[in-house]
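Worksheet: the structure to be examined is printed underneath.
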Protein chains: 2
Amino acid sequence: MTSPPVVDQADQADQVEQVEQPVHRCGALLEHLARRLRLRSESVLAPLGLRPRHLVALTVLRARGGSTQQALASTLEMDGTNVVGLLNDLEAEKLIERRRSPEDRRRHIVELTEAGAERLARAECALAAVEDEVLGALDHDQRETLFSLLQQVATRGVEAACVEADTGSVEAACMAEAAAHDEVPPC
Amino acid sequence: MTSPPVVDQADQADQVEQVEQPVHRCGALLEHLARRLRLRSESVLAPLGLRPRHLVALTVLRARGGSTQQALASTLEMDGTNVVGLLNDLEAEKLIERRRSPEDRRRHIVELTEAGAERLARAECALAAVEDEVLGALDHDQRETLFSLLQQVATRGVEAACVEADTGSVEAACMAEAAAHDEVPPC
DNA sequence: ACTAATCATTGGTCCTGCGTCAATCATCTT
DNA sequence: AAGATGATTGACGCAGGACCAATGATTAGT
């Protein structure tokens, strides 16, 4: 019943076995919250010509200052072909640039442009209002707590993604570092 | 019940810029995280005959012991007709019960059944591995904190939905926020 | 050098979630 | 009695995203 099949990756740092201690599952709540945020984000982002996933992609790109398309796909956990379309959107508006990698000219290195960074900043500014609305039940300290918790998770998640993809661990370090320090958007 | 003071835009703007410490934005973080969680959850939940949104609904129902269908719809921010389908799924498997409200017999009061609570618990147990994988960076206490924060936000949706329905123009709040920050050049 | 594998790209297909509309029935309100 | 409201059903459509196949460019294996 509550016997946790410890199957799967045993190689990972063994987690604290969820014993009889009532560990609540926040998956559903997280999903719910993300959904509510997304619903509002879409309308706010629309005038900027962006959609939520564009924002996620831009955020990742800013965080690591350029990335292989593959690495981006594995971080976003999206199919490669869909990433192409996503990047096409962004490139069409000059928000990103694709350069061929000097080492391996098959690869594309994706980078944020000036316009991209600016657009991202503006979007974040607009989203701040949305977050204020959705997270209205939390006071300032609570939001900071939430943020730091999410940040911990996200940081670790990136490691995991990169490990899975088994690409350069350099990227992992880069992303982890970028996510770790307070990255205050310019607004 | 923190009973947040009814915020009008001016007050809110004042409060937002309260400190020099910037309010961090977790939108993209949340979105990304939720997506990763959902991708894994779906495969885990499938054998149980549940999908993520079912879990969300069950969780909300458990959080408050029973709810009007309308309240549920507004909390989930889903269209009423879609909620009907969702509840049909759940009722078909006896996970919830619909009772007519004694005061207004048009209304349905939705409640978790024994089987529903059990199934939910089992699903959460099954999701343990998934969450451990994604939330591995958090210890027990941190997860509890995260849970309580999320739940606070989630359950607030009841009142918020009504209030926002009347007062809420997201654009207004957005513009107020933007105006407050517009001193910064790039934004 | 020739072949096989890899990356990005395009185009196409399919499924699913979800919003919406229209109609119906039961019930409440006036 | 007449209209408004809640729940329900069925149909339609759109968009996100996964998946597959083929192509061009490039690199790697032998």
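Everything quoted here is computed from the prediction, not taken from an experiment. Just so we're on the same page: letters track the sequence lines, and every chain starts at 1.
The distance from atom NE2 of B:His108 to atom C1' of C:dT27 is 11 Å, rounded to the nearest whole Å. Atoms CZ (B:Arg98) and C1' (D:dG6) sit 12 Å apart, rounded to a whole Å. Rounded to whole Å, atom P of D:dT5 lies 18 Å from atom CD of B:Gln69. Between B:Leu90 atom CG and D:dT8 atom P the separation is 12 Å, expressed in whole Å. Straight-line distance from the CG atom of A:Asp104 to the C1' atom of D:dT27: 6 Å, rounded to whole Å. Rounded to whole Å, the distance from CD1 on A:Ile96 to C1' on C:dA8 is 13 Å. As a whole-Å value, the separation of A:Arg99 CZ from C:dA8 P is 14 Å. Computed from coordinates, the A:Leu39 CG to D:dA15 P distance equals 16 Å when rounded to whole Å.
The phosphate of C:dT27 (OP1 or OP2) has no side-chain N or O of B:Arg100 nearer than 4.0 angstrom. Put simply, A:Gln70 has no side-chain N or O that comes within less than 4.0 Å of OP1 or OP2 on C:dT6. Within the 4.0 Å cut-off from OP1 or OP2 of C:dT6, not a single side-chain nitrogen or oxygen of A:Arg106 is found. OP1 or OP2 of C:dG19 lies within a sub-4.0 Å distance of a side-chain N or O belonging to B:Asn82. Residue A:Arg51 places at least one side-chain N or O closer than 4.0 Å to OP1 or OP2 of D:dG16. Side-chain nitrogen and oxygen atoms of B:Asn88 include at least one within less than 4.0 Å of the OP1 or OP2 phosphate oxygen of D:dT9. Between B:Arg53 and C:dG17 there is a side-chain N or O to OP1 or OP2 distance below 4.0 Å.
Annotation: of the two residues near DNA chain C, A:Arg107 and A:Thr81, the 5′-most nearest-nucleotide partner is A:Arg107. Summary of the strand contacts: B:Met78 and B:Pro102 both lie near DNA chain C, and taking for each the nucleotide with the nearest heavy atom, the more 5' one is attributed to B:Met78.
The nearest pair of heavy atoms linking B:Val56 to A:His32 is CG1-CB, 3.8 Å.
Of the possible donor and acceptor atoms, one in the side chain of B:Thr113 sits under 3.5 Å from a partner among the backbone N and O of B:Leu95.
A donor and an acceptor atom, one from each side chain of A:Glu103 and A:Ser101, are located under 3.5 Å apart. Between B:Arg51 and B:Ser41, the side chains place no donor N or O within less than 3.5 Å of an acceptor N or O (distance only, hydrogens not considered).
A salt bridge links B:Arg40 with A:Glu77: the distance from a Lys NZ or Arg NE/NH1/NH2 to an Asp or Glu carboxylate oxygen falls below 4.0 Å.
Side-chain atoms of A:Asp79 and base atoms of D:dG17 include no donor and acceptor less than 3.5 Å apart.
Residue A:Arg35 is in sugar-phosphate contact alone, with no base atom involved, counting any heavy-atom pair closer than 4.0 Å across all strands shown.
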